[in-house]
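Whatever order the structure lists them in is the order used to number ligands and atoms, beginning at 1. In this chain, residues are counted from 1 in sequence order.
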Amino acid sequence: MLQGKKILLGVTGSIAAYKTPELVRQLVQQGASVKVIITAAAKDFVSPLVLATVSKNEALQTFTSEDHSTWNNHVELGLWCDIFLVAPLSANTLAKFANGNCDNLLTAVFLSCRNTVMVAPAMDVDMFKHASTQKNLEIIAKNNIKIIGPESGELASGLTGKGRMTEPEDIVQEVINYFNPSLPLRNKMAVVTTGPTQEALDPVRFIGNHSSGKMGVAVANCLAAKGASVILISGPSVSLGNLNKSIKVIHVTSAADMLKACKQTQPDANIMVMAAAVADFKPEGFSEQKIKKKSSEGLNIQLVPTEDIAAEMGKLKKEGQLLVGFALETNDETQHAERKLKNKNLDFIVLNKLEETNQVFGSDFNRITIIDKNLVTTPFEKKSKDAVASDIVEKIITLVQ
Ligand code: CTP
């Protein structure tokens with residue numbers, strides 16, 4: 001599957017580096033030529049000799065060979081590879097990538113590389129969750145770097161959580177997918193919003209809705225399966241257990257957070273799918289303290305509108321960018337959907353009608369109608385949300401440039 005493909009593997013200082021000989025072995029088994037660059041910190045976890053043996057190439061460590069007679073030309077290495085795969089990617093090297101630091105051979109190759117870069121982060125759960133790491137991941141995702149994982153599970157520290165490097169066989173599968181020319185969205189970047197938003201009233205209460213986020217997750221998975229690099233902007237309490245490992249998730253709570261994440265990712269997106277059930281109203285003020293119950297009195301909450309994220313994305317839409325919205329209606333559905341299509345500058349809208357026979361929230365099934373810019377209306381049968389996502393993505397494929 002990888003015959004004739006050139007993979008440059010960068011190995012950085014994370015315990016998961018011990019899995020890299022197996023990763024190299026599997027890439028070689030698939031027919032790839034593999035060269036390895038290993039950082040000084042990674043040598044504590046895996047031996048350069050083992051990597052040299054399985055890759056059949058010297059494992060490069062510094063800008064020059066040990067006797068200083070040969071220069072390991074970072075520019076040539078960056079040009080040589082079809083993919084520069086960094087696995088595991090430590091929090092430290094991630095920070096260097098995000099900031100353009102260049103203090104070793106691996107980071108110099110990163111800056112020189114004109115071809116695809118894929119990374120598989122691996123670190124302890126709290127390091128991964130840290131705001132700085134999340135910010136750095138956002139920066140590199142925006143620069144079209146494909147992020148694989150990390151996975152949840154038991155970590156070397158004894159803690160449990162997100163931070164495990166994606167298993168070598170899954171990383172190899174991502175590499176194989178990349179080279180599959182039949183994947184129609186191979187070079188596209190997609191942003192999908194999903195789930196509800198929560199608009200806080202006080203530290204313990206919020207205004208929200210019943211959205212499970214399943215539809216957006218299904219669309220994100222389907223876009224990734226067609227080769228797109230996907231960023232999922234997810235509201236709270238969405239189950240992400242079956243999410244494709246290559247999808248980068250940005251967790252948000254309120255409509256304002258979601259808008260901010262959309263604005264950050266929109267400039268680089270080819271496709272934007274607004275599947276979130278954004279709360280339309282938020283409390284005018286936030287009470288820093290829990291609002292106390294006074295037995296004889298009711299409570300009036302003044303609500304103000306939230307930002308309309310899809311409409312905002314419609315205003316910012318770039319030439320060639322595709323913007324897809326959803327409409328959930330109970331009555332006069334076509335009329336409402338067509339109005340939203342126009343007002344939000346969408347390329348097409350996916351209409352869900354909430355009725356006895358189509359309980360959208362939480363269900364694994366959905367019946368949709370797609371209405372495009374020319375008001376061509378295509379109704380679909382009731383199907384699983386995965387099958388509905390596939391219909392939506394097929395429509396995207398016909399329209400994306
Ligand atoms: N949407 C959004 N931001 C909002 C409200 C909606 O991005 N504040 C997006 C949704 O993700 C969806 C589309 O706009 O893609 C339509 O959402 P919907 O709730 O059906 O419509 P609204 O515009 O909120 O209008 P209404 O609630 O009056 O039907």
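If you check which protein heavy atom lies closest to atom 6 (C) of ligand 1, you get K344 NZ, 3.7 Å. Protein heavy atom closest to atom 5 (C) of ligand 1, with residue, atom name and distance, is D280 OD1, 3.5 Å. Closest to atom 21 (O) of ligand 1, if we only count protein heavy atoms, is K340 NZ, 2.9 Å. The protein heavy-atom contact nearest to atom 3 (N) of ligand 1 is I309 N, 3.0 Å. For atom 17 (O) of ligand 1, the closest non-hydrogen atom of the protein is F326 O, 3.6 Å.
Scanning S211, A277, A310, A276 for the heavy atom closest to atom 10 (C) of ligand 1 points to A276. In this comparison of M258, E329, M274, H336, the heavy atom closest to atom 15 (O) of ligand 1 sits on M274. For the residues L328, V324, T306, V278, the heavy atom positioned nearest atom 4 (C) of ligand 1 is part of V278.
Side-chain contact check for E22 and Q26: at least one donor-acceptor pair (N or O, by modelled atom type) lies under 3.5 Å. E199 and T197 form a side-chain donor-acceptor contact under 3.5 Å, judged by distance and modelled atom types alone. Side chains of K317 and Q266: no donor on one and acceptor on the other come within 3.5 Å.
Between A327 and ligand 1, no N or O atom pair is found at a separation short of 3.5 Å.
Between the side chain of N221 and the backbone N or O of N244 there is at least one donor-acceptor pair closer than 3.5 Å. Side-chain N or O atoms of T194 include one that pairs as donor or acceptor with a backbone N or O of G213 at under 3.5 Å.
Remark: R186 qualifies as a cation-pi partner of Y178 under the 6.0 Å distance and 45° angle criteria applied to the six-membered ring.
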Would K340 and E329 satisfy salt bridge (charged side-chain N to carboxylate O under 4.0 Å, His left out), going step by step from the backbone distance to the final call? CA-CA 11 Å; K340 288 175 191 176; E329 307 295 344; 2.3 Å; yes
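Shown here, atom 28 (O) of ligand 1 is out of close reach of the protein: none of its heavy atoms lies under 4.0 Å off. Note that atom 19 (O) of ligand 1 has no protein non-hydrogen atoms nearby, at separations under 4.0 angstrom.
The atoms of ligand 1 that sit less than 4.0 Å from any heavy atom of G325 are 15 (O). In summary, the atoms of ligand 1 found under 4.0 Å from a heavy atom of E307, numbered by their order in the structure, are 3 (N), 4 (C), 8 (N).
F110 and F84 have tilted rings, their planes meeting at an angle from 30° to 60° on a 0 to 90° scale.
Not a single heavy atom of E312 sits under 4.0 Å from any atom of ligand 1.
Around NZ of K226, the count of heavy atoms belonging to other residues, nucleotides or ligands within 6.0 Å does not exceed 12.
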